[in-house]
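Values below: every heavy atom of this structure, side chains too, minus hydrogens, waters and symmetry copies. Proteins come first, then strands; the chains are lettered A, B, ... in the order of their sequence lines, and each starts at number 1.
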2 protein chains.
Amino acid sequence: MAANPSKTSKPVFAPVRQDRNFEVVVQRVRDKLMDGELRPGDKLPPEREFAKQLNVSRNVVREALRILENAGLVRTRKGAHGGAFVAPGGTAQMTQVMGDLILLNAISLEDLFEARTLLLEMVLDKVGQLDHPPDLEPLANAVEETRAAVMAGDSARRVAAARDFYHQIAELSGNSALVFTTNAQTDLVQTFLRFRISDMEPEDLINSRVAFLEMLREGKFEDAKVELRQHLDRVHKSLWSKKS
Amino acid sequence: MAANPSKTSKPVFAPVRQDRNFEVVVQRVRDKLMDGELRPGDKLPPEREFAKQLNVSRNVVREALRILENAGLVRTRKGAHGGAFVAPGGTAQMTQVMGDLILLNAISLEDLFEARTLLLEMVLDKVGQLDHPPDLEPLANAVEETRAAVMAGDSARRVAAARDFYHQIAELSGNSALVFTTNAQTDLVQTFLRFRISDMEPEDLINSRVAFLEMLREGKFEDAKVELRQHLDRVHKSLWSKKS
DNA sequence: GGTTCAAGTTAGGTCATACCATTAGCATTC
DNA sequence: GAATGCTAATGGTATGACCTAACTTGAACC
């Protein structure tokens, strides 16, 4: 294996280097993020200068930037005042990761749908246990937006409103981890449903939304859960007939 | 918006190109995955040949591979018969994404801990509603492993056993989406707790595990939930004293 | 004949350099 | 003074060379 005169001796010297250079660069940036030395909005050095500082080639810096960019940690802009900037966190990455797991058949669509329903129901449970009544204003706005989108016959707007609707439900939990997770799930479901949107009668949709909201207003969280589950089951089922 | 030679004409020509080349390459691979033309285990062409096929430079191919690799879709090996292979899905990416969201202060540790507790409780709720009793064998094995690790004084082994314990709880749900999510959460919590592992008396740990398991065996899911929550609260709290 | 070792081959990893493309700001021009 | 064009900064792409790790092969040796 290595310099190894005696038969059974193990390598005395650790490998000089095992990580690839761009991985080291990525880790350096992550470290600065963890130390708080880099914060969202901050700018990394230009690629050429960064390469000089780190004593690596520009290629290495760029491959590291691709990783950081794909991880959602930085975003890059071209041109004069361009560069790589530390990004605020978003849902995109989690959506992509879960989507990739579906691509790789590590997660089935059924499980995704079920998990989403369960999480949203869980949020309602949690909201029902709060001592103070939740602020339903954003949710009401989302319902109004849905109604407006339906009236306007604008399906893209309707999808966006639906996304906001479920987002606002998650927000009721006050837990950002749950918000990110459910948002990612909603994005994925909408992606898979994009091809057969208007399977549901617009009237049924609005009725469901309004009824759900009213139940929340009256504190009938169990009823709301049932209404939500029935609606989600219908939505999810609409994909089933088409699939396979 | 089309051919419009009048005075106020808007751009008649669509942009030649907007996506960066490596993004196109990434999308090509993703497409082949979605079509099922590429499956886990398959090998992509060597970088040089791939570049020729796509008529781009090797740099572009490499940056695309970095993205795919970071996304967990491929893994690369050096040497003869090396290359980029389509990877099976794993937990690592989701863990990284959630960790990055914490790095960026988009998610607080408190929310992560709470979400984890809620998800695990939800799993128990779901298990309690099954018509057939769950298979508790893997869970029992994890508890045994924890006991063995504690007896051996091997804290690394103990951490691994704890990970498996929570993993097996999630498995009881039979939902892979929940399994991936909770696994990622567990990995993160363990990362943040790594520095202060033995805050809990080993005996208390074992007792909690055994009691929990016994409650499940007897079908007392509500009691099990309480036991689990109390345990998790203790664990999470142990990080609190140190933090900030 | 089988073991060992060394050269060859493959393919990823790195470097260096040149040039293209885009953006912002400044200068020029009418 | 507003449209136009130049310039510098900075990311994006293309080449080509060389290094390094891992597998293959075959020859030398026991």
Protein-to-nucleotide contact annotation, 5' to 3' order, nucleotides 20-25 of chain C [B base; S sugar-phosphate only; - none; under 4.0 Å, heavy atom]: --BBSS
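When atom types are taken as modelled, the side chain of D111(B) and the backbone of S176(A) share a donor-acceptor pair closer than 3.5 angstrom. Of the possible polar contacts, one joining the Q190(B) side chain to the V159(B) backbone as a donor-acceptor pair under 3.5 Å is found.
Between S57(B) and dA14(D), a side-chain N or O to OP1/OP2 separation shorter than 4.0 Å is present.
Nucleotide dT10(D) holds its P atom 12 Å from the NZ atom of K52(A), rounded to whole Å. Taking atom CG on D19(B) and atom C1' on dG12(D), their separation rounds to 13 Å, with Å as the unit. Here dT20(D) presents its P atom at 17 Å from CD of Q18(A), a figure rounded to the nearest Å. The CD atom of E47(A) sits 11 Å away from the P atom of dT10(D) (whole-angstrom rounding). With rounding to whole Å, E23(A) atom CD is found 9 Å from dG13(C) atom P. F50(A) places its CZ atom 17 Å from the C1' atom of dT14(C), with the value rounded to the nearest Å. Rounding to whole angstrom units, CZ of residue R75(A) and C1' of dG11(D) are separated by 14 Å.
Applying the 3.5 Å distance criterion, the base of dG12(D) shares a donor-acceptor pair with the side chain of R58(A).
Counting any heavy atom pair closer than 4.0 Å across all strands shown, R77(B) reaches sugar-phosphate atoms only and no base atom. Contact annotation for N59(B): base contact, defined as any heavy-atom pair under 4.0 Å involving a base atom.
For the segment residues 61-73 of chain A, residues with any heavy atom less than 4.0 angstrom from an atom of DNA chain D are, sorted by number, R62(A), R66(A).
Under the ring pair (Phe, Tyr, Trp, His ring centres under 6.0 Å) criterion, H167(A) pairs with no residue at all, not counting sequence neighbours.
Each of L188(A), T182(A), L232(A) was scored for a side-chain contact (heavy atoms from CB on, under 4.5 Å) with R116(A), with one residue passing: L232(A).
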Give the C-alpha distance, both sets of side-chain angles, the deciding distance and a yes or no for side chain to side chain donor-acceptor pair (under 3.5 Å) between E145(B) and N141(B). CA-CA 6 Å; E145(B) 173 65 11; N141(B) 290 339; over 6 Å; no
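Closest approach of V235(A) to L193(A), counting heavy atoms only: CG1-CD1, 3.3 Å.
For residues 100-109 of chain B, every residue pair satisfying the side chain to side chain donor-acceptor pair (under 3.5 Å) rule, not counting sequence neighbours, is listed here: R30(A)-D100(B). Residue pairs meeting the salt bridge (charged side-chain N to carboxylate O under 4.0 Å, His left out) criterion with at least one member in residues 49-59 of chain B, sequence neighbours excluded, are E47(B)-R58(B).
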Would you list the atom pairs, donor with acceptor, under 3.5 Å between side chains in residues 32-40 of chain A and any protein atom, with sequence neighbours excluded?
from   : atom 1 : to     : atom 2 : distance (Å)
K32(A) : NZ     : E37(A) : OE2    : 3.0

